[in-house]
Number of protein chains: 2
Amino acid sequence: MGTVTKALSLLGYFSHGRPEIGLSDLTRLSGMNKATVYRLMSELQESGFVEQADGDRSYRLGPQVLRLAALREAAVPILSVSRRVLKDLSTQTGETTHLSLVQGSQLNSLSHAYSPRHATRVMMEDAEVLTYHGTASGLAVLAFAEPDFVDAILSGPLHSHTAATVTDPEAIRAHLREVRKVGMAQSVGGFEAEVHSHAVPVFGPDAKVIGALAVAAPVSRMTADQAALIPEALRGAGRTLTHRIGGAAPADYPNEAAA
Amino acid sequence: MGTVTKALSLLGYFSHGRPEIGLSDLTRLSGMNKATVYRLMSELQESGFVEQADGDRSYRLGPQVLRLAALREAAVPILSVSRRVLKDLSTQTGETTHLSLVQGSQLNSLSHAYSPRHATRVMMEDAEVLTYHGTASGLAVLAFAEPDFVDAILSGPLHSHTAATVTDPEAIRAHLREVRKVGMAQSVGGFEAEVHSHAVPVFGPDAKVIGALAVAAPVSRMTADQAALIPEALRGAGRTLTHRIGGAAPADYPNEAAA
DNA sequence: AACCAATGGTTCAAATAATGAACCAATAAT
DNA sequence: ATTATTGGTTCATTATTTGAACCATTGGTT
């Protein structure tokens, strides 16, 4: 691992649950030497990627990342485009919808929309890490990802989020074959109990999967009507989003042919 | 310059005008060795901070920056808070408004709002670099920045954007004293011709200036009425934004006492 | 008040990783 | 057909990173 990769990997320890991290904690989390972590963080701080919280001396993400994200969006406006698609999809289905993108070996939720129709709804946060094996979005991505990538994910540790999480690699592979056939993944209580999610893959310009679009509803609201309406609306939204970002579905993707 | 700083500095060459950069260009821009740039970019790519555009092999910012920006916003929600303030300020003034933040030694526009009132309006882009000496926002920041910081900026090269740009350090310092007195900066055609900008500083929790809030109007619309209304609305918006992000104005900031 | 265990931060010889000139293959321009 | 330029690679030399040990402070225990 090069020095730069090491420094950037430190940024990976920040999350919603851990927005600020002290030097000692970072040392423990990363397993690196304290002096090393200190020097790397000092460099990241110099560049504005992290800053030190006021009273405390612990680190948090810095303002420089905002500039980069704004430029990224200007070059590849996935988030801004997705907001419209998500809003429409939430309106159509009456449920919470979200977009997640593949970032290295992890899948991150990055944009979401709610519907005002029901008082109860599935809540989402942006920049949350989703597992590939335990979420409909993750399965939708895996089903259309490169075999090497799938192998890498399935050979890693597969945690159980709920009692309903499938963690057996062979069972997951069987599931993926099914997803490939219908072009959509479902997960009932696999990540959060009482949540029924549908997800379709989103493709980039090279016809490679770059993320997933999902509808998350309380299981109690999954009536026959909804179970018919959601897949249809979702498939349409997936096609729209892939198209608007200049993407293209691969030849073997069933939703296109069926459209 | 450490290796990490060097790698991150490469990200600084991306902008709206240059969203994708090839290896040779990046080598020339940075003045580093080609092999070095290649290795650094490879590491940045590995971490998802840049990616290579499809057909071309040139680099552009990667998806990983989106995740970090979402987390930064979750920890310090300046952008989301500012959007409301900017929208209100645009409605009140009928003009374009924008927020810029200090990021290291540069000032970046990061959020903006338009008013639908007039057909012509000053256009803005996010993640644009503003100069300290040539914009109202920059002057508002400098006027309340640490003396060392001001010295560093004014001792660097000061480019002329338009015929009206003031580039003499002593003239700028005199201007800054004036800004400190009234708590607001103005620039008429200093960055873009025909644009009259007003700006107030925004302060962080430690009473240090972190950026500026500005109203940008065509000079032709700067009637006596507007020239009275804009400063008042802007001062109010500045106070609101500083307050909402948990910031505090320093004791010598005049807008507070006047309120 | 003395003690202990944390914390963030610093030092310096030893180990390792970064560097840069030269080189290659493949396009693009003349 | 020739030349320049592109992205990418190599490897001995060089310079940076590393890590164990060390401080100074802080907060909690007894």
Side-chain angles (χ1 to χ4, degrees), chain A residues 1-15 17-62 75-76 104 148 204-206 208, chain B residues 1-15 17-64 75-76 104 148 204-206 208:
Chain A
M1 220 205 294
T3 312
V4 176
T5 306
K6 236 176 280 181
L8 296 178
S9 77
L10 289 175
L11 298 177
Y13 295 105
F14 292 91
S15 68
R18 217 194 248 117
E20 299 189 0
I21 315 183
L23 177 60
S24 299
D25 280 339
L26 257 183
T27 304
R28 271 186 294 274
L29 284 168
S30 63
M32 301 179 203
N33 185 280
K34 185 155 64 98
T36 304
V37 174
Y38 178 72
R39 200 178 40 76
L40 295 178
M41 290 308 281
S42 297
E43 284 204 68
L44 289 173
Q45 185 167 29
E46 212 179 298
S47 304
F49 278 70
V50 301
E51 64 183 14
Q52 279 180 296
D54 319 297
D56 204 342
R57 265 170 302 186
S58 58
Y59 300 92
R60 66 169 172 226
L61 291 168
V76 188
D148 285 359
D206 48 2
K208 288 206 179 103
Chain B
M1 219 203 297
T3 313
V4 176
T5 306
K6 234 175 282 182
L8 297 178
S9 77
L10 290 175
L11 298 177
Y13 296 105
F14 292 91
S15 68
R18 217 192 250 119
E20 298 188 1
I21 315 183
L23 177 61
S24 299
D25 281 338
L26 211 44
T27 303
R28 271 186 294 275
L29 285 168
S30 63
M32 300 180 203
N33 185 280
K34 186 156 62 98
T36 303
V37 174
Y38 178 72
R39 200 178 40 76
L40 294 179
M41 290 309 281
S42 298
E43 285 203 69
L44 288 173
Q45 185 167 28
E46 213 177 296
S47 305
F49 278 69
V50 300
E51 63 184 14
Q52 280 179 295
D54 317 298
D56 203 342
R57 264 169 304 184
S58 58
Y59 299 92
R60 67 170 172 226
L61 291 168
Q64 190 62 36
V76 187
D148 285 0
D206 47 2
K208 289 206 179 104

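So that the names make sense, note that chain A is the first sequence line, chain B the second, and so on, each numbered from 1. Reckoned from all heavy atoms, side chains included, excluding hydrogens, waters and symmetry mates.
Contact record, B:L11 with B:V50: CD2-CG1, 3.6 Å, taken as the closest heavy-atom pair. The shortest heavy-atom contact between A:T5 and B:E43 is OG1-OE1, 2.6 Å. Nearest approach of B:Y13 to B:L29, heavy atoms of both residues: OH-O, 3.5 Å. Listed here is the closest heavy atom pair of A:Q52 and A:R57: NE2-O, 2.9 Å. For the residue pair B:M1 and B:K6, the shortest heavy atom distance occurs at O-CE, 3.5 Å.
Ranked by how close their nearest DNA chain C nucleotide is to the 5' end, A:K6 and A:D25 are led by A:D25.
Atom pair B:R57:CZ and C:dA26:P shows a separation of 11 Å (rounding to whole Å applied). A straight line from CD1 of A:I21 to P of C:dT7 spans 14 Å, rounded to a whole angstrom. Between the P atom of C:dG9 and the CG atom of A:L26 lies a distance of 12 Å, rounded to the nearest Å.
Checked by atom type and distance alone, the side chain of B:S30 pairs as donor or acceptor with a backbone atom of B:M32 at under 3.5 Å. Using modelled atom types, no side-chain atom of A:E20 and backbone atom of A:R60 make a donor-acceptor pair closer than 3.5 Å.
Once you apply a 4.0 Å limit to the heavy atoms of chain A, the touched nucleotides of DNA chain D run 5' to 3' over D:dT17 to D:dA20.
Listed in residue order, the members of residues 31-49 of chain B having a heavy atom less than 4.0 Å from DNA chain D are B:K34, B:A35, B:Y38.
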Checking A:L26 against A:K34 for the side-chain contact (heavy atoms from CB on, under 4.5 Å) test, could you report, in this order, the C-alpha distance in whole Å, the side-chain angles of both residues, the deciding distance, and whether it holds? CA-CA 8 Å; A:L26 257 183; A:K34 185 155 64 98; over 6 Å; no
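Of the candidates C:dG9, C:dT19, C:dT7, C:dG9 carries the atom nearest the A:Y59 side chain, counting heavy atoms from C-beta on.
Nucleotide D:dT30 has C:dA1 as its partner under the Watson-Crick or G-U criteria, with both atom distances under 3.5 Å.
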